[in-house]
Protein chains: 2
Amino acid sequence: MAEDKRRSACLYHEMSPFIPDIPVGNTQMNTPNPLTLTTEVPEVVIQRLPLYVRVLTQFAQMGMGVVSSEQLGELLQMTPAQIRKDLSYFGRFGKQGRGYNVKHLSDELRRILGLDFSWNTAIVGMGRLGRAVASYPGFEREQFRIVAAFDANPDLTGMRVGDVVVQPMSELTATVRSKDVRIGIVTVPAAMAQQVINALAAAGVKAILNYAPYSSQAPAGVKVLGIDPVLALQSMTYYLKKQMVSSPVPR
Amino acid sequence: MAEDKRRSACLYHEMSPFIPDIPVGNTQMNTPNPLTLTTEVPEVVIQRLPLYVRVLTQFAQMGMGVVSSEQLGELLQMTPAQIRKDLSYFGRFGKQGRGYNVKHLSDELRRILGLDFSWNTAIVGMGRLGRAVASYPGFEREQFRIVAAFDANPDLTGMRVGDVVVQPMSELTATVRSKDVRIGIVTVPAAMAQQVINALAAAGVKAILNYAPYSSQAPAGVKVLGIDPVLALQSMTYYLKKQMVSSPVPR
DNA sequence: ACAAGTGTGTGCTTTGTATCACAATCGGAA
DNA sequence: TTCCGATTGTGATACAAAGCACACACTTGT
């Protein structure tokens, strides 16, 4: 039977400290050379996993015990085949004829993504945007703990935002290390963004969420992801404009 | 010479009311059947155009008159070839041996995207998140005008947020039509998101920015784009976790 | 116990996107 | 004016992702 395409599943299991004891016989670790056979999981797939987690949560709230890839696909607007293929990168989570156990798959995906414990984050830039982001409950709800906040403006030092007190930039490196901050959130003006990103990277932060409307240079080994609602709107207007031309009367 | 691959450039020029008078001889409109030859511009390309606009603005602020695709590529972390190819979907904006005129290219891209005039938007959900989004200056700065705000909670009706006054949901349809709202911003709780999206769509809105952490079903003909910083963080943790396993001592 | 039905996992095909490589073109220097 | 270095625009190519289709596994009902 099929015993060749264990590709990235192997890679993954190697990274993972605990292998799930799914009743599936073929966990043969016959990987010839784990360093050469680096068949990575595509980044797009990784980016879709949180989506799967989210809809699984929705299904769980609806009281459903099992879901099929077709049901998932309908909610996510994608083909069942793609979902199955994505999941197959990490193992065999479904049962033929039944589908996927909602709770089990959700837990597995959370574990794969590293969402089974909480991550310490620091936010830099305590202006209007920064305060809004810091007080947004969505992060804490998903186990992202904001454990520190910084701002260059000395007037803001000492101000309480949520559970933390604003610190001056000079304390960034020390605090990041002492509080084991792994994720940085940048909410400073565009002109300051790059230098803040560099400072965070220098302090050892490896993942940064950048709210500044600025195309940043990611320091080596650091993942910087931009969040910019304006960029999103700006690409939608292209399609809006096209529609207007085809039907000039707006309604 | 090359006179076959005018593909989507033709399509685009057809949509566009004003054709730029770039000194380029071959604007031959020999498209056989504009309806059959629908070689669309890839969506990924459209999504990158705002990025180009943004860095061009940066270059302009730096006082640069012309840029090469290589310079753009360095700032955007992508290959020069890709930038050139993306731009070639819409026309010939550069000059061999020189590069692109920053101001000219920026203006052209803005026009292509429909950013040469302002767009009316309405925001639904005036909770903490909604108020933060409504008062974020980034939208107005890029010509997205928030002309209406709605909330289901009657206590909020009449409250002033930025330049607008919060209205009840019952007035949504009428206001969207009378104020020519083309874009909707959804900042309601996840459980309410779908019904708000449907209401906006029914009122004629064709583009929606959804801040709710919920995988929505886009009504036919409507583009719904989700903004969720948590999803972004959740995919980054995958890589953070991998790094931790390879170097167990965090620093 | 077996047959019918359902839905997974995955090899193969198709589609789509990024990259390469080079001819065509431009501006400036000699 | 002509040559030279630079950089575009784009066909061709390589790569990656999505979708298809089916064997196989599991469940349920009889």
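Residue numbering restarts at 1 for every chain, and letters A, B, ... go by the order of the sequence lines.
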Are any of the side-chain heavy atoms of [X] and [Y] separated by less than 4.5 Å?
X	Y	value
B:Val230	A:Arg141	no
A:Gln234	B:Phe144	yes
A:Lys223	B:Gln243	no

To the nearest angstrom, how far is [X] atom [atom1] from [N] atom [atom2]?
X	N	atom1	atom2	result
A:Gln96	C:dG7	CD	C1'	7 Å
B:Glu40	C:dT15	CD	P	17 Å
A:Asp86	C:dT8	CG	P	14 Å
A:Met78	C:dG16	CE	P	16 Å
B:Gln77	C:dT19	CD	P	13 Å
A:Lys85	C:dG7	NZ	C1'	17 Å
B:Ile83	D:dG9	CD1	P	12 Å
A:Phe93	D:dA25	CZ	C1'	18 Å

For [N], take OP1 and OP2 only and decide whether either is under 4.0 Å from a side-chain N or O of [X].
X	N	value
A:Tyr89	D:dA17	no
A:Arg48	D:dA18	yes
A:Gln82	D:dG19	yes
B:Thr79	C:dT19	yes
B:Arg84	D:dT8	yes
A:Arg92	C:dT10	yes

Does any donor atom in the side chain of A:Gln194 or A:Asn198 lie under 3.5 Å from an acceptor atom in the other side chain?
->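 A donor-acceptor contact under 3.5 Å links the two side chains.
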
Taking five pairs at each end of the helix from C:dA1-D:dT30 to C:dA30-D:dT1, what angle separates the two helix axes (nearest 10°)?
->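 If I round to tens, the end axes sit 10° apart.
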
With sequence neighbours excluded, residues passing side chain to side chain contact (heavy atoms under 4.5 Å, CB included) with A:Ser68 =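 Scan of A:Ser68 (side chain to side chain contact (heavy atoms under 4.5 Å, CB included), adjacent residues dropped) gives A:Glu70, A:Gln71.
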
Members of residues 51-73 of chain A that approach DNA chain D, where some heavy atom sits under 4.0 Å away |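 Result for residues 51-73 of chain A: none.
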
Upstream residue (5' side of DNA chain D) when A:Val44 and B:Ala81 are each assigned their closest nucleotide |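 Between the two, 5'-proximity favours B:Ala81.
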
If you find the nucleotide of DNA chain D closest to B:Arg98 and the one closest to A:Glu43, which residue's nucleotide is nearer the 5' end?
->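 Its nucleotide being nearer the 5' end, the pick is B:Arg98.
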
Out of D:dT7, D:dT27, D:dG11, which nucleotide sits closest to the side chain of A:Lys95?
->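 Ranking D:dT7, D:dT27, D:dG11 by closest atom to the A:Lys95 side chain puts D:dT27 first.
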
From the list C:dC26, C:dG9, D:dA12, which nucleotide is the closest neighbour of the side chain of A:Tyr100?
->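 So the side chain of A:Tyr100 is nearest to C:dG9.
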
Presence of salt bridge, A:Arg92 and A:Glu108, under 4.0 angstrom |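 Result for this pair is no, no salt bridge flagged.
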
Do the charged groups of A:Asp107 and A:Lys103 touch, with an N to O distance under 4.0 Å?
->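 A salt bridge links A:Asp107 with A:Lys103.
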
For A:Pro42, answer base if it contacts any base atom (sugar-phosphate contacts may also be present), sugar-phosphate if it contacts only those atoms, and nothing otherwise; contact means non-hydrogen atoms under 4.0 Å.
->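 Result for A:Pro42 = sugar-phosphate.
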
A:Lys241 side chain vs B:Arg111 backbone, donor-acceptor pair below 3.5 Å |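 Yes; at least one donor-acceptor contact below 3.5 Å.
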
Please answer whether the main-chain N or O of A:Leu113 pairs with a side-chain N or O of B:Thr237 as donor and acceptor at a distance below 3.5 Å.
->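 Answer holds: yes.
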
Inter-residue atom distance A:Tyr52.OH - A:Ser69.OG, 0.5 Å rounding |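 Between atom OH of A:Tyr52 and atom OG of A:Ser69 there are 10.0 Å.
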
